[in-house]
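Heads up, the thing below is written out as structure tokens.
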Amino acid sequence: MSRQEAVDQYDQALKSGRKMYRDCLLRGQYPYPQVLDEIFDESMAAGRVELGIIDIPAEQIAGTKTRGRQPAFAPNFMPLLPHNTEFAQKWISLCEASLGDEGIREPVRCIEYMGRFYVQEGNKRVSVLKSFGSPVLPASVLRIIPAWSEETQIRVYYEFMDYYRLSRLYIPVFGVPGSYRKLQAALGFDAGHEWTEEERRSFSAAYYAFSSALKKRKDGMGQETVGDALLKFLQVFSFAGLKDMTQEELAKSIAGIWPEVEVQAKPEPIDISTENAGASRSVLSRLVGIIVLPAHLNVAFVNECPPERSPWVMAHDQGRRYLTETLAGKVSTSVYNVTEGTDAYDLMEAAVADGAQVIFATTANLIASCRKAAVRHPNVRILNCSVSMPFPEVRTYYARIYEGKFISGAVAGAMTKTDRVGYIASSPIYGMPAGINAFALGARLTNPDVRVKLRWSSVSEDPIAELKGLGVDMISNRDIPSPEQSQHEWGLCRVDDDGGLVPIGSPYWNWGEMYVRIVQNILDGGWDELSYKNSGRAVNYWWGMSSGAVDIRLSHNIPEGMAGLVEILRHGICSGTILPFHRKIRSQDGRVINDGSRWLSAEEILHMDWLCDCVDGEIPGFDELLPMAQSLVRLLGVYRDWIIPDKGGVQV
């Protein structure tokens with residue numbers, strides 16, 4: 001590099017530095033690099049570790065160790081001093097001498113604290129290299145380990161240190177606990193996998209390509225945002241897919257996942273819609289402009305298996321048939337079943353190719369395919385049968401079955417002769433504790449002395465036998481999935497003298513009613529009222545008895561008086577005069593959840609992770625679950641954020 005070229009380079013760097021200096025002053029920000037000695041004292045350290053000479057990300061160089069040369073640089077380490085200073089002449093000479101064929105190879109000396117680097121020796125070398133846009137710099141690094149605390153940033157940093165031990169990389173940067181484990185899993189690595197040199201090079205190249213494409217789309221991106229966006233990207237597209245994408249393909253794919261990044265950065269990313277979507281477009285939206293509403297919709301149903309193999313899928317297929325009959329002439333439906341040798345995403349692609357305008361995926365395990373299809377086809381309305389999924393491009397739908405549980409609990413409390421009733425829960429997923437607690441509160445409504453004995457079918461091979469052994473005379477088993485299914489041992493049963501189960505009644509899902517209301521809403525033009533563009537959040541439909549999505553079917557074995565009680569409670573819940581959780585509630589650990597004076601929000605009910613004080617039992621840990629239950633709990637478990645991720649799986 002000639003002297004003049006080095007002078008020109010300084011001019012560009014000086015211009016960049018002064019611009020940042022002015023921008024910082026206008027925003028009321030500190031206009032120089034941070035000084036570590038001014039933000040750190042020894043009480044904040046738990047130890048020190050020499051990392052040796054490593055390549056550090058240039059964007060993570062935050063400041064200097066001491067004040068020293070600090071006024072010579074803007075926060076981006078671009079120079080601030082004019083040409084006639086000794087500093088400028090040394091900068092230009094360094095640039096001229098070092099950026100020839102050999103380049104700058106002598107490492108700088110840095111202190112790393114909380115993932116940020118503070119230059120101890122070599123400030124001008126950092127400035128020169130950053131002026132050329134170098135993504136990494138060689139540095140001899142001393143790490144200061146912060147003292148442990150429960151603060152989020154400390155927890156994340158300790159997780160980063162585990163990640164660094166495996167990867168030897170400082171990229172990406174995350175701000176949310178659990179993200180490094182999710183990244184390791186999203187890349188297809190086991191939790192303790194140590195990266196090879198080739199894996200480090202491959203990931204680094206892909207990361208910087210992704211970061212470059214993302215920053216072209218969004219200015220002012222923080223490093224945490226780049227990391228979050230990359231993690232969302234890898235949960236939809238494979239790492240191999242990322243490496244093979246052109247810049248144009250990468251930009252398009254980033255645009256597809258960007259709503260997830262924005263939504264999940266919010267404290268309340270999900271809009272839980274507890275009202276049925278029966279209303280058409282608002283008057284305001286009608287006044288804004290004329291929208292041509294569809295007269296007919298092609299609706300596809302994607303199932304995890306053929307209906308005859310699963311009562312759950314069969315219930316959804318019966319709902320599909322109800323939709324076809326109820327909206328005859330307005331709707332055409334088609335079915336795509338995952339079988340051996342087929343993939344759910346490929347089936348969704350086939351459905352779109354066949355003209356599908358709406359896709360219902362009937363199990364939570366299909367959410368990954370839904371997300372990928374939604375990114376590829378933003379004009380197709382895609383819904384997944386699940387709850388608490390923060391993905392704005394895919395709407396979810398489920399039913400508030402706890403309302404039916406409250407009623408069956410009231411019947412159980414009134415009918416028990418032993419004051420001991422049993423409850424069989426399936427898996428510890430969102431909404432399940434609400435069902436257990438609603439049942440317990442209903443039982444206590446009619447019997448203040450009742451105890452609810454809790455067992456889990458995801459833990460025990462024979463929970464019914466266990467409950468009988470505890471002397472219960474009423475058992476709430478898993479509910480029938482549709483009104484057409486015979487009850488047998490499902491739902492609420494009385495334990496007969498000979499140990500047999502006598503059906504009394506069961507809550508059930510009415511998927512057909514939910515499908516009709518959702519599709520009619522689309523036909524009426526109401527879909528966009530809850531759109532991401534309007535609300536800025538993901539949409540989860542969570543409907544109850546008033547919408548017809550939940551009901552309770554009674555057996556001929558139920559006493560007449562109990563049937564009357566059911567009708568009173570059903571009418572009260574549908575009208576809103578009876579709310580299962582609007583009463584005094586105390587948890588097992590003695591906390592007063594509700595003193596009886598307030599209504600619990602939908603978010604509080606859906607995300608319950610506690611049990612009422614009249615429940616004997618507990619929420620099982622992940623390791624206690626039978627293997628067949630673990631995949632669903634990974635997606636929807638009440639403690640899903642703390643489960644060690646499954647490599648290659650969806651990380652919510």
Side-chain angles (χ1 to χ4, degrees), residues 1-26 31-35 53-110 116-141 170-171 201 204-217 219-221 223 226 246-247 251:
M1 173 175 281
S2 68
R3 183 73 179 182
Q4 186 57 49
E5 288 175 324
V7 170
D8 293 342
Q9 185 67 20
Y10 187 82
D11 287 340
Q12 295 177 20
L14 181 62
K15 182 178 180 181
S16 175
R18 288 178 171 176
K19 180 180 185 302
M20 172 158 275
Y21 178 88
R22 292 192 300 271
D23 290 344
C24 288
L25 291 178
L26 290 173
Y32 303 109
Q34 292 178 345
V35 176
I53 298 175
I54 61 174
D55 286 337
I56 64 173
E59 62 184 0
Q60 288 171 235
I61 299 176
T64 58
K65 170 66 169 62
T66 59
R67 179 172 290 275
R69 283 290 188 181
Q70 182 204 32
F73 301 101
N76 59 357
F77 263 84
M78 293 300 99
L80 293 175
L81 303 181
H83 282 82
N84 60 358
T85 60
E86 180 184 3
F87 168 87
Q89 294 306 308
K90 287 183 176 180
W91 195 104
I92 293 170
S93 295
L94 178 65
C95 182
E96 177 186 10
S98 301
L99 290 181
D101 294 335
E102 293 297 319
I104 293 180
R105 293 193 174 188
E106 183 182 356
V108 299
R109 175 70 177 170
C110 289
R116 307 287 182 177
F117 297 92
Y118 299 87
V119 182
Q120 190 170 18
E121 297 175 8
N123 292 312
K124 285 190 288 294
R125 273 173 279 163
V126 169
S127 182
V128 170
L129 288 171
K130 286 184 67 112
S131 76
F132 282 94
S134 177
V136 295
L137 309 176
S140 176
V141 177
Y170 268 88
I171 54 173
R201 286 198 299 265
S204 297
Y207 170 82
Y208 287 115
F210 180 87
S211 177
S212 176
L214 183 61
K215 289 180 178 179
K216 287 178 182 177
R217 173 179 171 80
D219 293 332
M221 298 283 297
Q223 292 176 70
V226 175
T246 65
Q247 281 293 304

Please report the closest heavy-atom contact between [X] and [Y], naming both atoms and the distance.
X: Leu25; Y: Pro31; answer: CD2-CG, 4.0 Å
X: Glu59; Y: Arg116; answer: O-NH1, 4.5 Å
X: Pro82; Y: Ala88; answer: O-CB, 3.2 Å
X: Pro71; Y: Leu81; answer: O-CD2, 4.5 Å
X: Ile61; Y: Lys130; answer: O-NZ, 4.5 Å
X: Pro75; Y: Cys24; answer: CG-SG, 3.8 Å

With heavy-atom distances below 4.5 Å as the criterion, would you say the side chains of [X] and [Y] are in contact?
X: Pro57; Y: Phe117; value: yes
X: Val226; Y: Lys215; value: yes
X: Phe73; Y: Ser127; value: yes
X: Gln9; Y: Val128; value: no
X: Ile171; Y: Gln60; value: yes
X: Met78; Y: Met20; value: no
X: Trp91; Y: Asn123; value: no
X: Pro79; Y: Arg18; value: no

Tyr118 meets the ring pair (Phe, Tyr, Trp, His ring centres under 6.0 Å) criterion, sequence neighbours left out, with none
salt_bridge(Lys19, Asp23) N-O dist < 4.0 Å: yes
Rounded to the nearest 0.5 Å, what separation is found between the [atom1] atom of [X] and the [atom2] atom of [Y]?
X: Arg125; Y: Cys95; atom1: CZ; atom2: SG; result: 14.5 Å
X: Leu80; Y: Leu14; atom1: CG; atom2: CG; result: 7.5 Å
X: Ser131; Y: Lys124; atom1: OG; atom2: NZ; result: 13.5 Å
X: Lys90; Y: Thr85; atom1: NZ; atom2: OG1; result: 10.5 Å
X: Phe87; Y: Ile92; atom1: CZ; atom2: CD1; result: 10.0 Å
X: Glu96; Y: Leu94; atom1: CD; atom2: CG; result: 10.5 Å

Would you check if the side chain of Gln89 reaches a backbone N or O of His83 as a donor-acceptor pair within less than 3.5 Å? yes
Criterion side-chain contact (heavy atoms from CB on, under 4.5 Å) against Ile56, the qualifying member of Ser140, Pro138, Cys110, Pro107: Cys110
For Asp8 and Gln12, does a side-chain donor sit closer than 3.5 Å to a side-chain acceptor? no
Could you walk me through whether Tyr32 and Thr64 satisfy the side chain to side chain contact (heavy atoms under 4.5 Å, CB included) test, starting with their C-alpha distance in whole Å, then the side-chain angles of each, then the deciding distance to 0.1 Å, before giving a yes or no? CA-CA 10 Å; Tyr32 303 109; Thr64 58; over 6 Å; no
